[in-house]
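Heads up: the structure comes next, in C-alpha cells.
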Number of protein chains: 2
Amino acid sequence: MALEHAILVSLLEKPGSGYELARRFERSIGYFWTASHQQIYRVLKRMESDGWVDVRDVPQQGRPDKKEYSVAALGRDALAGWLHEPIQPESVRHDLAVKIRGAAFDDPAALIREVERHRQAHTERLAHYLAGQARDFPESRSPGTGAGTGLDSDPHPVALPSPPDAGRELQHVVLRGGIAYERMMLDWLDDVLATLRRLGSAR
Amino acid sequence: MALEHAILVSLLEKPGSGYELARRFERSIGYFWTASHQQIYRVLKRMESDGWVDVRDVPQQGRPDKKEYSVAALGRDALAGWLHEPIQPESVRHDLAVKIRGAAFDDPAALIREVERHRQAHTERLAHYLAGQARDFPESRSPGTGAGTGLDSDPHPVALPSPPDAGRELQHVVLRGGIAYERMMLDWLDDVLATLRRLGSAR
DNA sequence: CTTGTGTATGCAACGAGTTGCATAGAAAGA
DNA sequence: TCTTTCTATGCAACTCGTTGCATACACAAG
C-alpha cells in the first residue's frame, strides 16, 4: 500500500511523466519497489483527483506530448504522515527458496541451471550498482571496484532538502544496502550451488 | 502466483490442515513466503477441486475436527512442472528504503526510532534462525555469535547425504540464506542509523 | 512503404491479497 | 458462570497487481 508514497518520493526527487516514472521503476527505484506502467498511470490518476499531485501538459518536439506531474502540498502532507507512522516487517516472497525446498521432491540437480541464471542476474545487478556508485558517489572509494548506484541516476542532483546533501547521503545509504544485498545473494547462491552439486553427485 | 506451490512443498514435507499450514506460514516457511489463513483456505479449496490435493477428515479429542490435506499425484506433477520452468528476478518491496529516501524531504532524525525498531525485529529473527539451526542442524558448528556471513563459514561436513537427507540439506541451505540475510540487514541498518545520526547532528 | 523501435497514455478483465466479520467446540481462569 | 484463549474453518467486500490489448506519434531501416 505504498506505491503512491514511492511515487511521491520519486516525484519529489524530480518531477516527471507517468512514462518517465515507469522507467525509473524499471531501473533505479525499481530495485526496491516494482510497478508496471498501467498501475502507475492508474494510481497517478487517483493521486491527481485527490490533489496530491499537480499536472502540466508539456509539448515536446519529435515525440508525443507528456503530462508532467509534480508533488502538491497535499501530497507532501500525505508523505509526511506516512513517514511518521510505523511500518511492520516486510512481507517476503522468495520463489527461489520455495523451489529449493521443493527440489527435495524432484531432482535437485535439475535446479542448478536455474540457480546459475539467478546468480548471473545478481552479478549484473551488482555491477550496475557499483557503476552507479562510482559515477554518482565518486568520493566513496570503498571496497569492491566501485562504480555507481544507478539508483536515481538522474544527471542532476536534487536540490531540495534543507541540508542540501541529505538527499544524496540517503540515496547513497540505500544504494549501499543494495550492494550489500547483492553480495550476500551471490555468496548464498554459491552455497546453494555447492549444496545442489553435492546432492547430485551423491546419487 | 506460487502460493499453491509453496503449499504443495509444505504439504509434501508434512501433510496437515489449513490451520496448521497457516501456522507454518507464520513461522518457518513464512519467513520467505507469507500468506493469511483466509487465503490458504481459499487456495486449498481450489487445489482440492483441481485434484492437486486429497482431503481426509480427522477427528480429534479435545479440539474440533480438522481436514488433513496431502498432495495427490496431480499436485506432484504441477509442482514438478513449476520447478522446471524458469522464474524471473523477484519483485521487491522495501518500504524502508522508500522511507529512507523520503526522509530527505522531511526530518531524517525522525526516522531513527523507526529504523531502530526494524533493527530490533531483525535481531530477534536472527536469534530465532540461529536457535532453529542449533536445534535442527547441530552438526553445523557455525559462527553462532561470531561475525561474518555464515555463508562460507560453514565447512560442509563431508558425509555424503543419501537422497532421504536431501530435504534436510536443502532446508538447511535455505536457513543459511535467512541467517545471511538477517546479518546483512543488521549491518546495513547500523549503516543507516549512523547516516541518519550524522545528518541529524549536522543541522 | 512497410516494419520495427521508442515515446507516451490508457482501458478492461482477471486473479492475488487484505480486511473485517462470523461460527463453533473445548479448555482455562476470573 | 462468564470471559478469554486456542483450535479450526470459512464468507464477503474490497483493493492491489498483472496480463492482454489498443492507440498514436516520430524516426530509422529495410
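Predicted model only: the values in this text are computed from it and were never measured. So you know, we letter chains A, B, ... as the sequences are listed, proteins then strands, and number each from 1.
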> For Arg93(B), does the CZ atom sit with more than 12 other heavy atoms under 6.0 Å from it, leaving out its own atoms?
Replying inline: yes
> So, is Arg93(A) close to the dG17(C) phosphate, meaning a side-chain N or O under 4.0 Å from OP1 or OP2?
Replying inline: yes
> Is the shortest side-chain N/O distance from Lys66(B) to OP1 or OP2 of dT7(D) below 4.0 Å?
Replying inline: no
> Looking only at side-chain N and O atoms, does Ser36(B) come under 4.0 Å of OP1 or OP2 in dT19(C)?
Replying inline: no
>> Measure NE2/His37(B) against C1'/dT23(C) and give the value in whole Å, please.
In response: 11 Å
>> Tell me whether the rings of Tyr31(B) and Tyr129(B) are parallel (<30°), tilted (30 to 60°) or perpendicular (>60°).
In response: perpendicular
> How would you list, by chain and number, every residue that makes a side chain to side chain donor-acceptor pair (under 3.5 Å) with Asp190(B), sequence neighbours excluded?
Replying inline: Arg119(B)
>> Show the nearest heavy-atom pair for residues Arg76(A) and Phe105(B), with the distance to one decimal.
In response: NH1-O, 3.8 Å
> Whole-Å distance between dT18(C) P and Ile40(B) CD1?
Replying inline: 11 Å
> Rounded to the nearest Å, what distance is computed from the CD atom of residue Glu68(A) to the P atom of nucleotide dT7(C)?
Replying inline: 17 Å
> How long is the line joining CZ of Arg23(B) and C1' of dT9(D), in whole Å?
Replying inline: 15 Å
> Relative to the ring of Tyr181(A), is the ring of Tyr181(B) parallel (under 30°), tilted (30 to 60°) or perpendicular (over 60°)?
Replying inline: perpendicular
> Under 4.0 Å: is that the gap between some side-chain N or O of Ser17(B) and OP1 or OP2 of dT9(D)?
Replying inline: yes
> Is there a donor and acceptor pair closer than 3.5 Å between the side chain of Arg42(A) and the base of dT9(C)?
Replying inline: no
> Phosphate oxygens OP1/OP2 of dA16(C): is one of them under 4.0 Å from a side-chain N or O of Arg46(B)?
Replying inline: yes
> Looking only at side-chain N and O atoms, does Lys67(A) come under 4.0 Å of OP1 or OP2 in dG10(C)?
Replying inline: yes
>> Without decimals, in angstroms, what is the distance between Leu21(A) CG and dG10(C) C1'?
In response: 15 Å
>> When you measure from the side-chain N and O atoms of Tyr19(B) to the phosphate of dT9(D), is any distance below 4.0 Å, counting only OP1 and OP2?
In response: no
> Could one point to a donor on the side chain of Gln39(B) or the base of dG10(D) with an acceptor on the other under 3.5 Å away?
Replying inline: no
>> Check this for me: does any side-chain nitrogen of one of Glu48(A) and Lys67(A) sit under 4.0 Å from a carboxylate oxygen of the other?
In response: no
> Roughly how many Å is it from CD in Glu26(B) to P in dA8(D), rounded to a whole number?
Replying inline: 13 Å
>> Can you measure Gln38(B) atom CD to dG10(D) atom P for me and round it to whole angstrom units?
In response: 12 Å
> Given atom CG of Asp65(A) and atom P of dG6(C), what is their separation to the nearest angstrom?
Replying inline: 21 Å
>> Nearest 0.5 angstrom please: Leu196(B) CG to Leu189(B) CG, how far?
In response: 10.0 Å
> Got a sec? Which of residues 49-64 of chain A come in under 4.0 Å of DNA chain C, heavy atoms?
Replying inline: Gln60(A), Arg63(A), Pro64(A)
> Do Arg46(B) and Glu4(B) sit within salt-bridge range, that is, some charged N less than 4.0 Å from a carboxylate O?
Replying inline: yes
>> Counting only side-chain heavy atoms from C-beta out, which of dA8(D), dG10(C), dG10(D) sits nearest to Tyr69(B)?
In response: dG10(D)
>> Please tell me if Tyr41(A) has a side-chain N or O lying less than 4.0 Å from either OP1 or OP2 of dT9(C).
In response: yes
